[in-house]
Amino acid sequence: MQKQQLLYKGKAKSVFETDDSDLLILQFRDDTSAFNGERIEQLARKGEVNNRFNAFVMQKLSEAGIETHFEQQLSDDEVLVKRLDMIPVECVVRNFAAGSLVRRLGLEEGQALNPPTYELFYKDDALGDPMINESLSVSLGWATEAQLSAMKDLTYRVNDVLQALFDKGDLMLVDFKLEFGVFHDRIVLGDEFSPDGCRIWDKNTKKKLDKDRFRQSLGDVIEGYEEVAKRIGVPLS
Ligand code: ADP
Ligand code: UDP
């Protein structure tokens, strides 16, 4: 597999073409951003930790019958993936209230959400990723009803698989964000699953072990990610 030119440099990953038009290489960088790119810092080991974390989780999801873009981990910080036509909609499931939901409705952080809620956001940094709904996504041509329905179903299935996985490590999966794309007419899970895009708390102490450590300047950000990785069995180098 030949790595070719840089296609896109995102806030946390760089996307490269390959000599196969159906495959891309994602490179996980140490860049860490918050507040839609307003604050950016380099955190040593983050690229490698997230690459290994993501590879482990994507393989667990595949084993559970969820189709993902993951093909193969190529190096410490690179992964080979299927090239998807990305849908600019972020799918969020919340098991407990946190983040923007707490700000929007004045809820208490940690309040259980029963059943878990499902929200959509338009992926647009300039607009601050505004909340949207399925109707708007269809009207604006971002996805069809059938695609949105598949995305919702898959996001809840991911929640079931990952809640069980984190629970075994005495961890709470508070919320998470997924991105999907289209590959030969099928809806496939893309992007990444890592502590950058979810909230994970220790079940007993409620200690935050995810990107909120960075957003809230709590320190030991990557140490938190590594703690989660260790507890769920991600092989770190
Ligand atoms: P951002 O674009 O939010 O700054 P990243 O730094 O993570 O995010 O950049 C990775 C980019 O690659 C994102 O725009 C994401 O939607 C896109 N992407 C992720 N997986 C795939 C894939 N399999 N095929 C095509 N694009 C992808
Ligand atoms: N999230 C993300 N990327 C985004 C927005 C949110 O990965 O651009 C994740 C975030 O880490 C959290 C979940 O989606 O796990 C819900 O985020 P929320 O709406 O609470 O927004 P936040 O307060 O994190 O900006």
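The structure presented is a predicted model; accordingly, all values stated were derived computationally and were not measured.
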Over all atoms of both residues, closest heavy-atom pair of A34 and R215: CB-CG, 4.0 Å
Within one Ile-Leu-Val-Met-Phe-Trp-Tyr cluster: V93 and L178, side-chain cutoff 4.5 Å: yes
D220 side chain vs E223 backbone, donor-acceptor pair below 3.5 Å: no
Spatial distance of atom CG (L80) from atom CG (L74) [nearest 0.5 Å]: 5.0 Å
Option passing side-chain hydrogen bond (donor to acceptor under 3.5 Å, both in side chains) with N95 (candidates D175, N159, T117): N159
S14 side chain near K9 side chain, heavy-atom distance below 4.5 Å: yes
Stepwise side-chain contact (heavy atoms from CB on, under 4.5 Å) test for V89 and F180: CA-CA 8 Å; V89 172; F180 294 90; over 6 Å; no
Heavy-atom side-chain proximity of V49 to I222 below 4.5 angstrom: yes
Reference residue N50; test side-chain contact (heavy atoms from CB on, under 4.5 Å); the match among D30, D77, D196: D196
NZ/K206: more than 12 non-hydrogen atoms of other groups inside 6.0 Å: yes
Heavy-atom check, side chain of K208 versus side chain of R199, under 4.5 Å: no
Test item: side-chain donor near acceptor, R45 and S237, under 3.5 Å: no
Short N-O contact, D160 and R157, less than 4.0 angstrom: no
D210 versus C198, closest heavy-atom pair with distance: CB-O, 3.3 Å
ILVMFWY network linking L101 to L120, side-chain heavy atoms under 4.5 angstrom: no
Donor-acceptor contact present, side-chain N133 to main-chain L136, <3.5 Å: yes
CG-SG distance between L148 and C91, expressed to the nearest 0.5 angstrom: 7.5 Å
4.5 Å side-chain heavy-atom contact, V182 and I87: yes
Exceeds 12 heavy-atom contacts within 6.0 angstrom, atom CD of Q42: yes
Lys/Arg-Asp/Glu bridge criterion (N-O < 4.0 Å) met for K203, D167: yes
Option from L23, L24, L26 for which side-chain contact (heavy atoms from CB on, under 4.5 Å) with H69 holds: L26
Stepwise side-chain contact (heavy atoms from CB on, under 4.5 Å) test for D20 and E71: CA-CA 13 Å; D20 183 333; E71 289 283 317; over 6 Å; no
Heavy-atom check, side chain of L84 versus side chain of K82, under 4.5 Å: yes
R39 charged N/C atom sitting above F214 aromatic ring, 6.0 Å / 45°: yes
Connected via hydrophobic side-chain network under 4.5 Å: L61 and F53: yes
Side chain S149, main chain E145, donor-acceptor under 3.5 Å: no
Ring pair (Phe, Tyr, Trp, His ring centres under 6.0 Å) contacts in which one or both residues fall within residues 103-149, not counting sequence neighbours: Y118-Y156, Y122-W142
Close side-chain approach of S137 to I132, heavy-atom, < 4.5 Å: yes
D31 with K13: basic N within carboxylate O range, under 4.0 Å: no
Min side-chain heavy-atom separation E63-V161 under 4.5 Å: no
Interatomic spacing from OG1 in T155 to CD in E119 - rounded to 0.5 Å: 12.0 Å
R231 with D170: basic N within carboxylate O range, under 4.0 Å: no
Whether over 12 other heavy atoms sit under 6.0 Å from N204 CG: yes
Approximate separation, where rounding is to 0.5 Å, of R29 CZ and K11 NZ: 10.0 Å
Within one Ile-Leu-Val-Met-Phe-Trp-Tyr cluster: V102 and L173, side-chain cutoff 4.5 Å: no
Over all atoms of both residues, closest heavy-atom pair of S194 and E192: OG-OE1, 2.6 Å
Nearest atoms (heavy-atom pairs only) where G233 meets F56: O-CE1, 3.3 Å
Euclidean distance, L218 CG relative to L209 CG, rounded to 0.5 Å: 10.5 Å
N-O pairing of E227 and R213 below 4.0 Å: no
For S33 against G37, the heavy-atom pair lying closest together: CB-CA, 4.1 Å
Exercise: identify the closest heavy-atom pair between F70 and V81: CA-CG1, 4.4 Å
Residue among Q5, K3, E78 satisfying side-chain contact (heavy atoms from CB on, under 4.5 Å) with F16: K3
Approximate separation, where rounding is to 0.5 Å, of T68 OG1 and D191 CG: 12.0 Å
Joint cluster assignment, L6 & I25, ILVMFWY side-chain distance < 4.5 Å: yes
Side chain to side chain, K230 and E226, heavy atoms closer than 4.5 Å: no
